[in-house]
Amino acid sequence: SFEYRLAPEHPYPAAVEDAVKAWDYLMYQGYGARDVVVAGDSAGGNLALVLTHLLKEAGRRLPRALILLSPWTDMTASGKSYQERAAIDPVLTVNYIHAVRDAYARDQDWSDFRLSPLFGDFAGFPPTLIQVGGLEVLYSDSAALHQRLQEASVPSVLECWPDMWHVFQMFPLRQSGEAMEKVADFLRI
C-alpha cells in the first residue's frame with residue numbers, strides 16, 4: 001500500500017507518476033514483477049489498470065495478477081449502469097462521479113486509456129479478479145472490463161455481489177469476509 005498524491009491539489013498525472021514510482025521502488029528492492037500482485041479499489045482500481053497499461057506500453061514485465069474492487073474504468077461514464085442504477089446506488093451518484101473526474105482530469109480526453117483504462121489494449125494482461133456490487137452506478141465499468149479482458153484472452157473472473165454497494169469489502173459484513181476469501185482463493189491459483 002502506498003500513499004499517492006490526490007486531486008484536486010495534485011491532478012492527473014500525479015497519481016499515475018506515484019504509482020510508477022512505487023512499482024519502480026519494488027523492482028529496485030529486488031522483487032520480480034511476478035512476485036507482485038497489484039490491487040486497487042474504486043479510483044485505485046483505475047490506477048492499478050493504468051499502471052499495468054503503462055508497464056506494458058514500456059515493454060516492462062507485468063504484475064502476477066490484478067485484484068480490482070469496484071474499479072472505476074470509464075471516465076466517460078458511458079455504461080448503462082450510470083443511468084439504470086442511479087436511483088438504487090446508496091453510495092455514489094453520477095454527479096459525484098463527474099465532480100471527481102473534473103477534479104482529477106479537467107479538460108482532458110476522458111477516453112484516453114491513461115484516464116479510462118477500459119479503452120486500452122489488454123493483450124498480455126495478467127489474470128484479473130474483479131469484484132463489484134450489484135447496486136453500483138459503476139457496475140458497467142466492471143462488466144465491460146471483464147468483457148474486454150476475455151476478448152483479449154486474459155483470464156478474468158467477474159464476481160457480482162447482487163445486494164452490495166461500492167467497495168462493500170471495506171465494511172464489517174459477512175459478505176465482505178466471503179469476498180476476501182474469494183480473493184485469497186484467486187491468488188492461490
Side-chain angles (χ1 to χ4, degrees), residues 1-29 31 33 35-79 82 89 91-122 124-126 128-133 136-142 144-146 148-149 154 156 165-170 183:
S1 181
F2 71 99
E3 291 184 28
Y4 55 89
R5 291 173 288 169
L6 301 175
E9 295 81 10
H10 304 283
Y12 174 82
V16 174
E17 293 168 349
D18 293 349
V20 172
K21 285 180 187 175
W23 179 266
D24 289 343
Y25 176 80
L26 291 173
M27 297 305 105
Y28 293 141
Q29 294 301 309
Y31 293 97
D35 297 325
V36 178
V37 172
V38 176
D41 65 87
S42 193
N46 177 299
L47 194 54
L49 288 163
V50 170
L51 170 65
T52 306
H53 277 307
L54 293 177
L55 293 171
K56 178 184 165 192
E57 186 178 64
R60 297 179 67 182
R61 297 189 77 187
L62 304 183
R64 179 169 68 89
L66 295 175
I67 304 295
L68 307 172
L69 311 178
S70 301
W72 186 21
T73 68
D74 178 8
M75 287 195 185
T76 70
S78 62
Y82 283 87
D89 188 322
V91 177
L92 298 177
T93 67
V94 175
N95 288 340
Y96 175 78
I97 295 293
H98 290 166
V100 171
R101 175 185 71 185
D102 289 344
Y104 180 66
R106 184 178 302 279
D107 300 325
Q108 299 288 325
D109 175 6
W110 294 317
S111 66
D112 186 306
F113 75 91
R114 292 166 190 85
L115 294 169
S116 294
L118 177 64
F119 304 123
D121 174 10
F122 290 98
F125 254 55
T128 302
L129 172 65
I130 307 161
Q131 292 183 347
V132 64
E136 296 193 46
V137 294
L138 292 181
Y139 175 82
S140 294
D141 289 41
S142 291
L145 173 63
H146 176 63
R148 295 287 320 278
L149 289 165
V154 174
S156 174
W165 51 86
H166 187 65
V167 194
F168 70 91
Q169 298 90 339
M170 300 180 95
V183 170

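Just so you know, these numbers use all the heavy atoms, side chains as well, and skip hydrogens, waters and symmetry mates.
Rounded to the nearest 0.5 angstrom, Tyr12 OH and Glu17 CD are separated by 8.5 Å. If you take CD on Gln108 and CG on Asp102, they are separated by 11.0 Å, rounding to the nearest 0.5 Å. Rounded to the nearest 0.5 angstrom, Asp18 CG and Leu51 CG are separated by 11.5 Å. The distance from atom OG1 of Thr128 to atom CD1 of Ile67, rounded to the nearest 0.5 Å, is 8.0 Å. How far CG of Leu118 is from CG of Leu49: 9.0 Å, rounded to the nearest 0.5 Å. For the atom pair OH (Tyr25) and OH (Tyr31), the distance works out to 8.5 Å, reported to the nearest 0.5 Å.
Between Tyr82 and Asp141, the side chains place a donor N or O and an acceptor N or O closer than 3.5 Å (distance only, hydrogens not considered). For the residue pair Thr76/Asp74, the side-chain donor-acceptor check at 3.5 Å is satisfied. Judged by distance alone, the side chains of Ser70 and Glu136 do bring a donor and an acceptor atom under 3.5 Å apart.
At least one donor-acceptor pair closer than 3.5 Å links the side chain of Trp110 to the backbone N or O of Ala105. In terms of modelled atom types and a separation under 3.5 Å, the side chain of Thr93 and the main chain of Val91 share no donor-acceptor contact. The backbone N or O of Met75 lies less than 3.5 Å from a partner atom in the side chain of Ser116, making a donor-acceptor pair. Between the side chain of Arg5 and the backbone N or O of Ala14 there is at least one donor-acceptor pair closer than 3.5 Å.
Residues Val94 and His98 have side chains in contact (heavy-atom distance under 4.5 Å, counting atoms from C-beta outward). The shortest distance between side-chain heavy atoms of Val16 and Leu54 falls below 4.5 Å. Between Pro8 and Tyr104 there is no side-chain heavy-atom pair separated by less than 4.5 Å. Contact annotation: the side chain of Asn46 approaches that of Pro117 to within less than 4.5 Å [non-hydrogen atoms, C-beta and beyond]. By the 4.5 Å heavy-atom criterion applied to side chains, Val132 and Leu138 are not counted as neighbours. Contact check for Asp41 versus Pro71: no side-chain heavy atoms found under the 4.5 Å cut-off. Proximity of Lys21 to Tyr4: side-chain heavy atoms (C-beta onward) are nowhere separated by under 4.5 Å. With contacts defined as side-chain heavy-atom distances shorter than 4.5 Å, the pair Val154/Arg148 does not qualify.
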Checking Asp109 against Ser111 for the side-chain hydrogen bond (donor to acceptor under 3.5 Å, both in side chains) test, could you report, in this order, the C-alpha distance in whole Å, the side-chain angles of both residues, the deciding distance, and whether it holds?
CA-CA 5 Å; Asp109 175 6; Ser111 66; 2.6 Å; yes
Test Trp72 against Ile97 for side chain to side chain contact (heavy atoms under 4.5 Å, CB included), laying out the working first.
CA-CA 9 Å; Trp72 186 21; Ile97 295 293; 3.8 Å; yes
Would you sort out whether Lys56 and Asp121 count as a side chain to side chain contact (heavy atoms under 4.5 Å, CB included), showing the intermediate values?
CA-CA 9 Å; Lys56 178 184 165 192; Asp121 174 10; 3.1 Å; yes
Candidate pair Leu66 and Val37, rule side chain to side chain contact (heavy atoms under 4.5 Å, CB included), full reasoning:
CA-CA 6 Å; Leu66 295 175; Val37 172; over 6 Å; no
Side chain to side chain contact (heavy atoms under 4.5 Å, CB included) for Val183 and Gln169? Distances and angles first, verdict last.
CA-CA 11 Å; Val183 170; Gln169 298 90 339; over 6 Å; no
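For the residue pair Ala33 and Trp23, the shortest heavy atom distance occurs at CB-CZ2, 3.6 Å. Of all the heavy atoms in Ser156 and Leu149, the pair that sits closest is OG-CD1, 3.6 Å. The nearest pair of heavy atoms linking Ala103 to Pro11 is O-CB, 3.9 Å.
Note: Phe125 and His53 meet the aromatic proximity criterion, with ring centroids under 6.0 Å apart.
Within a 6.0 Å radius of CD in Gln29, more than 12 heavy atoms belonging to other residues, nucleotides or ligands are found. Environment of OH in Tyr28: sparse, with no more than 12 heavy atoms of neighbouring residues, nucleotides or ligands closer than 6.0 Å. Other residues, nucleotides and ligands contribute at most 12 non-hydrogen atoms within 6.0 Å of the CZ atom of Arg61.
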